There are 2 protein chains.
Amino acid sequence: MSAEHRNSPPETRDRILDAAERLFVEHGFEGTSMRMITGAANANLAAVNYHFGSKDALIQAVFRRRLTALNETRLAALDRLEAEAGEAPLKPSRIVEAFFGTALALAADTEHGGNLFMRLLSRTYNEPNAFVRQFLAEEYAEVMDRFLGALFRALPGVPRTEVMWRFHFMMGAMSFAIAGIESVHAMAGMPYETDDPAKLLPRLMSFLLGGLRAPLPDFGASDTD
Amino acid sequence: MSAEHRNSPPETRDRILDAAERLFVEHGFEGTSMRMITGAANANLAAVNYHFGSKDALIQAVFRRRLTALNETRLAALDRLEAEAGEAPLKPSRIVEAFFGTALALAADTEHGGNLFMRLLSRTYNEPNAFVRQFLAEEYAEVMDRFLGALFRALPGVPRTEVMWRFHFMMGAMSFAIAGIESVHAMAGMPYETDDPAKLLPRLMSFLLGGLRAPLPDFGASDTD
DNA sequence: GTCTATACAACGATAGAC
DNA sequence: GTCTATCGTTGTATAGAC
């Protein structure tokens, strides 16, 4: 994919990616114009189309740059857990931490802009843009497959459907944990004592594990389909 | 607010609201053009600006129409719980159900388009558009205040900060429960056994209550794991 | 009052000069 | 590789028909 532009001077292309990432966080995809991006990146308007082909492809590139690394870290963490455990089943808490702890670690990285990216990613799970959704689904396929499989083995007594739903719910909680701090800040009308990112992971982990280990739902008898 | 247009024939204005709601769900706010809306509503392009003033104001009107009713239902449910309990503290599960059960009930209403609206609302919590965020925060202020207060009283042993965070996480789980069914469907690469909406509420409630009642996080002194 | 027709600046995208 | 000029479309504003 990047082969045709591999030997282009990194300057312009990377400046565009950095500016786009920052502006997408601030104003969303459609709220960020190509002219805003190229203006902030000190590049010409047409440079975006030259380097990426379209605005959608630029969005893809912004995600790929970070998401590939994030998911490789997640898979490596899972590999390590499975290597340590040998034949024994993994503890669900370790699996959950490998997935969500990795994400929150990146969300806490203010130095290389990981926090900006994670805010962008969190809100993009619900993105209506079909192009973006499709890309995210493909980028996540392997990771979801591995982690869901690990959870299935770690929770043999829980129906797979319930595990999948709960993983889904956990993704939602993480999404809000990362992206929605200031939104609930406003909704609650009260100040949060602290936004110390070091406290966010234990807070989220307690909640996620409580939800994952909750008693199975009772669907009642009346509605049998 | 609606006084100046109160006695306008409901036809055009309501057709615009219905078309806008449907198209916003499908294509997002910025992915939906005024011309798409007025085309679907069989109205003139300028009718939107006449009835609502701007696209942002139209978005606001789409939300207000549904959200006011939803939040009044939520408050009425909480009123009823508190009246029944008298001086006794409420059960956290009842409070949670009054808030999230009401939302899921609306999300299950395919007859009057409540399901479409809830998908829209769920994704809008993370909306970058400042205009929309501000409006949502105001519209939710009273409800959040009442429900958080009820939870504080129901969980006197839990620090208020933790209650607020967990309510926040619960909102995220609900958001994904409503909006993200097809997204995880794609990510997981496996079909969900059933999307029976009647099963969604018990599923979500189990998870939420498990998370809400989870042991409090241990922030530790260092990284002791 | 309710709505239509139309104009306008800014948008994403592209072709072609350099 | 980069830039200018330009195309069709966007949100918005307004003048005037009924």
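Note on naming: letters A, B, ... go to the chains in the order of the sequence lines (proteins, then strands), and numbering restarts at 1 for each one. Since the model is a prediction, treat every value here as computed from it, not as a measurement.
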Output one line per pair: protein atom, nucleotide atom from nucleotides 16-18 of chain D, and distance, for all N/O pairs under 3.5 Å.
none

- prompt: Does B/S175 reach the main-chain N or O of B/M171 with its side chain, forming a donor-acceptor pair under 3.5 Å?
  reply: no
- prompt: Do side-chain atoms of A/K55 reach the backbone of A/N49 as a donor and acceptor pair under 3.5 angstrom?
  reply: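 Here the side-chain-to-backbone pair does not exist.
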message: Are A/Y125 and B/F176 an aromatic pair, judged by ring center distance below 6.0 Å?
response: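 So the answer is yes for these two rings.
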Over how many whole Å does the gap from [X] atom [atom1] to [N] atom [atom2] extend?
X	N	atom1	atom2	answer
B/D56	D/dT12	CG	C1'	12 Å
B/E30	C/dG12	CD	C1'	14 Å
A/I37	C/dG12	CD1	C1'	11 Å
B/K55	D/dT12	NZ	P	7 Å
B/I59	D/dT12	CD1	P	9 Å
B/M36	D/dT10	CE	C1'	12 Å
A/I16	C/dG12	CD1	C1'	14 Å
A/M34	D/dT6	CE	C1'	15 Å

- prompt: How about B/R74 and B/Y140: does a side-chain donor come under 3.5 Å of a side-chain acceptor?
  reply: yes
message: So, applying salt bridge (Lys or Arg N to Asp or Glu O under 4.0 Å) with B/E21, which one of B/R15, B/R64, B/R66 is it?
response: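 Exactly one option meets the salt bridge (Lys or Arg N to Asp or Glu O under 4.0 Å) with B/E21, and it is B/R66.
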- request: Remember a base hit wins even if backbone is also touched, and classify A/G53 as base, sugar-phosphate or nothing at under 4.0 Å, heavy atoms.
  value: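 Sugar-phosphate, no base atom in range.
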query: Charged N to carboxylate O below 4.0 Å: is that the case for A/E127 and B/R123?
result: no
Charged N-O contact under 4.0 Å between B/R146 and B/E142: no
field: Pair A/F147-A/F100, ring pair (Phe, Tyr, Trp, His ring centres under 6.0 Å): steps then yes or no
entry: CA-CA 11 Å; A/F147 275 84; A/F100 295 99; 8.5 Å; no
Would you say [N] has OP1 or OP2 under 4.0 Å from some side-chain N or O of [X]?
X	N	value
B/T12	C/dC3	yes
A/R35	C/dA10	no
A/Y50	D/dT2	no
B/H51	C/dC3	yes

- request: Determine whether B/I37 and B/T32 make a side-chain contact, defined as any pair of heavy atoms from C-beta on separated by less than 4.5 Å.
  value: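 They are in side-chain contact.
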- prompt: Going by number, which of residues 38-49 of chain A have a non-hydrogen atom under 4.0 Å from DNA chain D?
  reply: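 Contacting residues: A/N44, A/A46.
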